[in-house]
Amino acid sequence: MKKGDFIWGLVFAAFVAFIVWPKTHLIFVSLTATHPYFVGFVKFAILATMGELLAIRLSSKEWDIPYGIIARAVVWGLIGMLVTLIFQIFAGGITASMAKGYLPGGDSKILFAFYVGSIMNLTFGPTFMAAHRFSDTYIDMKGEGIQDITVTKIVNRIDWNSFISFVVMKTVPFFWIPAHTITFLLPGEYRVLAAAFLSIALGILLALGKRK
C-alpha cells in the first residue's frame with residue numbers, strides 16, 4: 001500500500017464518518033435542507049475530485065495530481081450545484097407527468113424512479129458530461145502551455161469516439177440509469193447521501209473515459 005492509498009482512504013473514511021455518525025448526520029441533513037447548493041458544491045468538489053484521482057491511480061498504478069487540481073475541483077463543485085437543481089427539476093417533472101397521465105404508472109414508486117433515472121440520464125446526462133469533458137480538456141491544454149486556446153482547438157482535441165462509445169453508450173445504460181433508479185427509490189434525504197457517493201463513481205468513470 002502506498003502513502004497515497006492511506007491518505008485517500010483516510011479522507012474517504014472521514015467523510016463517511018461525518019455522514020453516518022448520528023450527531024453529524026443531523027448536521028449534514030440540516031445543511032442539505034437549508035443550503036442545498038453549498039452542500040452540493042462541497043460534496044462534488046471533494047468526492048468527485050477524489051474519484052478522478054482514484055481513476056488515475058487505477059489506470060497508472062501511481063498517485064498523480066493533475067495540473068489545475070483546484071480548478072478541476074471548482075468545476076466539480078459547480079456541477080454539484082447544477083445536479084442539486086436538476087434532481088429537483090426531474091423529480092418534480094416526472095411526478096407531475098405521471099399525475100396527469102403523460103407517463104403511465106400512477107403512484108408507482110418503482111416506475112417513478114425508473115423514469116427519473118432514464119430520462120435524466122438520456123437527456124441531461126450526456127450534455128453535462130460533454131461540457132465537463134470540454135472544461136477538463138481546456139485545463140489540460142493550459143497545463144501543457146498551449147497558447148491561444150480556442151473552442152475549435154478544444155473540440156478537435158477531445159476523443160469524441162471514446163466519449164460516445166464508452167461514457168454515453170456504456171456508462172449511461174449499464175451504470176447511471178440503474179444507479180439513479182435505486183437512488184430515487186430512496187426517501188428524499190437519502191437521495192442526497194446516495195448522490196454524494198455516486199459522485200466518486202462519476203469522477204472515476206469520466207476520468208477513465210477520457211483516458212480510454
Side-chain angles (χ1 to χ4, degrees), residues 36-37 40-41 43-45 47-56 58-59 66 68 71-98 102-103 111-141 149-185 191-192 194-212:
Y37 290 121
F41 183 95
K43 177 180 64 182
F44 272 70
L47 292 180
T49 300
M50 289 179 64
E52 190 170 353
L53 293 174
L54 182 59
I56 295 173
L58 294 173
S59 61
R72 295 174 195 272
V74 170
V75 170
W76 278 123
L78 294 175
I79 288 174
M81 295 173 68
L82 179 60
V83 169
T84 298
L85 174 62
I86 288 298
F87 266 35
Q88 298 300 317
I89 290 175
F90 276 89
I94 295 300
T95 299
S97 297
M98 292 179 71
Y102 285 89
L103 289 171
L111 284 177
F112 162 77
F114 176 72
Y115 290 148
V116 175
S118 299
I119 296 175
M120 181 172 64
N121 282 291
L122 292 172
T123 55
F124 168 73
T127 302
F128 110 79
M129 288 189 286
H132 178 266
R133 178 65 61 85
F134 186 92
S135 67
D136 220 28
T137 301
Y138 172 80
I139 295 173
D140 287 341
M141 294 172 72
I149 300 175
T150 64
V151 171
T152 300
K153 288 182 180 179
I154 297 173
V155 170
N156 290 337
R157 171 73 174 266
I158 296 172
D159 183 355
W160 293 109
N161 179 64
S162 172
F163 177 79
I164 297 298
S165 63
F166 177 73
V167 176
V168 176
M169 301 302 293
K170 292 182 180 178
T171 70
V172 168
F174 299 117
F175 181 79
W176 289 114
I177 291 178
H180 281 130
T181 297
I182 295 172
T183 297
F184 280 90
L185 281 171
R191 292 174 193 168
V192 176
F197 293 108
L198 283 176
S199 64
I200 293 182
L202 176 62
I204 292 173
L205 292 173
L206 291 186
L208 288 177
K210 186 175 69 173
R211 287 174 173 266
K212 281 179 176 293

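The OG1 atom of T137 lies 9.5 Å from the NE2 atom of H132; values are rounded to the nearest 0.5 Å. Note that OG of S165 and CG of D159 are 7.5 Å apart. Values are rounded to the nearest 0.5 Å. Put simply, CZ on F197 and NZ on K43 are 10.5 Å apart, with the number rounded to the nearest 0.5 Å. With rounding to the nearest 0.5 angstrom, the CG atom of L185 is 11.5 Å from the CZ atom of F114. Atom CZ of F184 sits about 4.5 Å away from atom CE of M120, to the nearest 0.5 Å.
The pair R157-D136 does not meet the salt-bridge criterion, since no charged nitrogen lies less than 4.0 angstrom from a carboxylate oxygen.
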Using the side chain to side chain contact (heavy atoms under 4.5 Å, CB included) rule, take I154 and I158 through it: C-alpha gap first, then chi angles, then the decisive distance, then the call. CA-CA 7 Å; I154 297 173; I158 296 172; 4.3 Å; yes
If you apply the rule salt bridge (charged side-chain N to carboxylate O under 4.0 Å, His left out), what do you find for R133 with D140, and how did you get there? CA-CA 10 Å; R133 178 65 61 85; D140 287 341; over 6 Å; no
I'd like to know whether F134 forms a side chain to side chain contact (heavy atoms under 4.5 Å, CB included) with V155, so could you lay out the CA-CA distance, the side-chain angles of the two residues, the decisive distance to 0.1 Å, and finally the verdict. CA-CA 7 Å; F134 186 92; V155 170; 4.1 Å; yes
Pair V116-F112, side chain to side chain contact (heavy atoms under 4.5 Å, CB included): steps then yes or no: CA-CA 6 Å; V116 175; F112 162 77; 3.7 Å; yes
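Remark: F41 CZ is packed, more than 12 non-hydrogen atoms of other residues, nucleotides or ligands lying under 6.0 Å away.
Under a 3.5 Å cut-off, the side chain of N156 and the backbone N or O of T152 do form a donor-acceptor pair.
Annotation: side chain of M50 is not in contact with side chain of L54 (no heavy-atom distance under 4.5 Å).
Residues L122 and P126 come closest through the heavy atom pair C-CD, 4.0 Å. Nearest heavy atoms, W160 versus A130: CZ3-CB, 4.2 Å.
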Quiz: residues 168-180 side-chain donor-acceptor pairs under 3.5 angstrom, not counting sequence neighbours:
from : atom 1 : to   : atom 2 : distance (Å)
T171 : OG1    : V167 : O      : 2.2
H180 : ND1    : N121 : ND2    : 3.0
H180 : ND1    : W176 : O      : 3.4

Cut-off 3.5 Å, no hydrogens considered: what does the side-chain donor-acceptor table look like for residues 78-94, sequence neighbours left out?
from : atom 1 : to  : atom 2 : distance (Å)
T84  : OG1    : G80 : O      : 2.8

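For A96, the side-chain contact (heavy atoms from CB on, under 4.5 Å) criterion is met by no residue, not counting sequence neighbours.
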